[in-house]
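This report refers to the structure that appears directly beneath it.
Below, read A as the first sequence line, B as the second, and so on, with proteins coming before strands; counting in each chain starts at 1.
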Amino acid sequence: MNSTHSLQIDPAANSRVLSVMKQKNLQKISVPFRIRFRCTIQKWIDWICFPLLAPLIIFILKYKRKNRIKDLKKVRMLFKRIAGESNIPTLICANHLTKVDSIFIHYAFASLPYYWRHFRLFSWNIPAKENFWTSPLDRLVTYLGKCIPIVRTGTPEHHKEVLDTLRYLLARGELCTVFPEGGRSPNGRVDVQNVRYGVGTILNGLPDYRVLCVYMRAENQKEMTDMPPKGDTLYFDFKVITPQSMQTGRRAERDISRTIIGKIKEMEDLYFEKHKP
Amino acid sequence: MEEKVIFEKVLEILKPYVREAEDLKTATKETDILNDLKVNSSRLVDIILAIEDEFDIEVSDDEADEVQTIGDAVSLITGKI
């Protein structure tokens, strides 16, 4: 597993820099009070309920479905160094093959006690409301899982509000996970042509940021499914990049999005190179 | 530039993004880009950027949001060149 991230961080200096950076970021990123209030309340409720809900979900994945993460300790150690020791706005961008990818990302990146102590690292997600807002139970679990549902066919105003909210959360040092393809890859491979530029829109408004590109895949995953195959071990790879563009506006957003999806595709190619039959 | 020429150029821009190229043969100004031509909504940005490049104009986010039909695109371009 590779990471382009520097691991030499002086905690004291880092803390001072982060404090200044956080203020700088917050001055530039503002959302209406109702959104700030809603996010704060949701985060507190989620944190309180976390010890009840999270172990149950992990129990199901680990013991009922018997899914495991390859090199779990190594993955968690790297994540801790990358995300845990710095508050730089970090967006997690992953490939998307199953409906529970974001849960597996949480499971792979840190232990439950670690999340409980550093709840900002339990990333926010933006599931499609059409899929995850169907029953009261779904709504509850989605709400308690630090999710901000998005209506894919919603108005530009709605999309803007969701993206602004994510940008605001990132600027506050919260982690957010998005799937640049916008949905699951139908043929099981990263679709570079189908990248959504929303990911670029989120980052383009931030004074400073980095992207944690994630490639994950169950060993017997052939195409998109609801869940990874039972009993499968999931491969994880991630790389930190800071995609930039010389362009402005929509063109910059497109450049940034394409760089991210290109990196994820590169990681997929590496996976298949390593796992040639 | 004549409206008909603009219309033809818009069709040319849309070509790589439509699901069935045949649909463009029967397209009119009323043809809805997303619903009738089955263009993926996330590709609308590419279309707007291609229009900007082709006609050397700038389109704001609000203007881009208003474009639903081929006629909307043609009117937007006509108003800017």
Side-chain angles (χ1 to χ4, degrees), chain A residues 93 95-96 126 128-130 150-164 167 178-187 190-205 243 245-262 264-265, chain B residues 6 9-24 27 30-81:
Chain A
C93 292
N95 65 314
H96 200 13
I126 43 169
K129 211 167 187 174
E130 299 91 304
I150 188 164
V151 182
R152 280 185 184 153
T153 52
T155 60
E157 290 76 25
H158 165 68
H159 288 169
K160 188 180 177 305
E161 185 177 302
V162 173
L163 298 183
D164 284 349
R167 198 179 298 122
V178 295
F179 300 104
E181 290 170 274
R184 289 173 287 162
S185 323
N187 64 357
V190 174
D191 187 358
V192 177
Q193 299 303 322
N194 197 30
V195 63
R196 307 286 173 117
Y197 300 147
V199 58
T201 311
I202 298 167
L203 295 172
N204 198 29
S245 172
M246 297 295 282
Q247 306 273 4
T248 55
R250 270 186 233 113
R251 288 170 199 273
E253 291 161 13
R254 180 172 67 174
D255 287 352
I256 291 169
S257 308
R258 284 181 174 174
T259 306
I260 293 169
I261 199 75
I264 298 173
K265 181 68 185 162
Chain B
I6 296 173
K9 282 190 173 184
V10 170
L11 290 190
E12 202 57 38
I13 288 170
L14 288 170
K15 216 179 208 172
Y17 305 104
V18 297
R19 196 169 287 172
E20 298 291 337
E22 290 294 306
D23 293 344
L24 283 175
E30 282 71 43
T31 303
D32 191 291
I33 296 172
L34 294 183
N35 298 324
D36 299 331
L37 297 177
K38 307 278 184 294
V39 170
N40 185 329
S41 61
S42 53
R43 297 285 69 87
L44 273 181
V45 177
D46 292 301
I47 292 166
I48 296 293
L49 291 176
I51 287 174
E52 285 185 341
D53 290 340
E54 178 65 37
F55 297 97
D56 198 20
I57 56 171
E58 270 192 39
V59 180
S60 70
D61 287 347
D62 290 341
E63 287 167 335
D65 290 341
E66 295 295 317
V67 176
Q68 290 183 357
T69 64
I70 297 177
D72 292 338
V74 172
S75 307
L76 177 71
I77 297 160
T78 313
K80 282 182 176 283
I81 55 174

Presence of salt bridge, A/D255 and A/R258, under 4.0 angstrom |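 Looking at A/D255 together with A/R258, the answer is no, because their closest N to O distance does not fall below 4.0 Å.
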May I ask you to list the residues in residues 45-60 of chain B that approach chain A closer than 4.5 angstrom, counting heavy atoms only, ordered by number?
->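 Counting heavy atoms that sit under 4.5 Å from chain A, the residues of residues 45-60 of chain B involved are B/V45, B/D46, B/I48, B/L49, B/E52, B/D53, B/V59, B/S60.
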Would you mind checking which part of B/D62 comes under 4.5 Å of any heavy atom in chain A, side chain (CB onward), backbone (N, CA, C, O), both or neither?
->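 B/D62 has no heavy atom closer than 4.5 Å to chain A.
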Which residue out of A/Q193, A/R251, A/E253, A/R254 racks up the most heavy-atom pairs below 4.5 Å with chain B?
->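 Sorted descending by pairs with chain B, the first entry is A/R251.
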Where at least one partner belongs to residues 65-81 of chain B, residue pairs that pass side chain to side chain donor-acceptor pair (under 3.5 Å), sequence neighbours excluded |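 Matches after skipping sequence neighbours: B/E63-B/K80, B/T69-B/D72.
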Got a sec: does the NZ of A/K265 have more than 12 other heavy atoms crowding it under 6.0 Å?
->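 Atom NZ in A/K265 is packed in, count exceeds 12.
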Counting only N and O atoms by type, is there a donor-acceptor contact under 3.5 Å from the side chain of A/H158 to the main-chain atoms of A/R152?
->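 No, because the side chain of A/H158 does not come within donor-acceptor range (under 3.5 Å) of the backbone of A/R152.
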For the atom pair CG (A/D191) and CD1 (A/I264), what is the distance rounded to the nearest 0.5 Å?
->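 Answer rounded to 0.5 Å: 12.0 Å.
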Straight-line distance of A/L203 CG to A/C93 SG, nearest 0.5 Å =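 That separation rounds to 6.5 Å.
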Do B/R43 and A/Y197 meet the criterion of a side-chain donor-acceptor pair at a distance under 3.5 Å?
->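 There is such a pair between these side chains.
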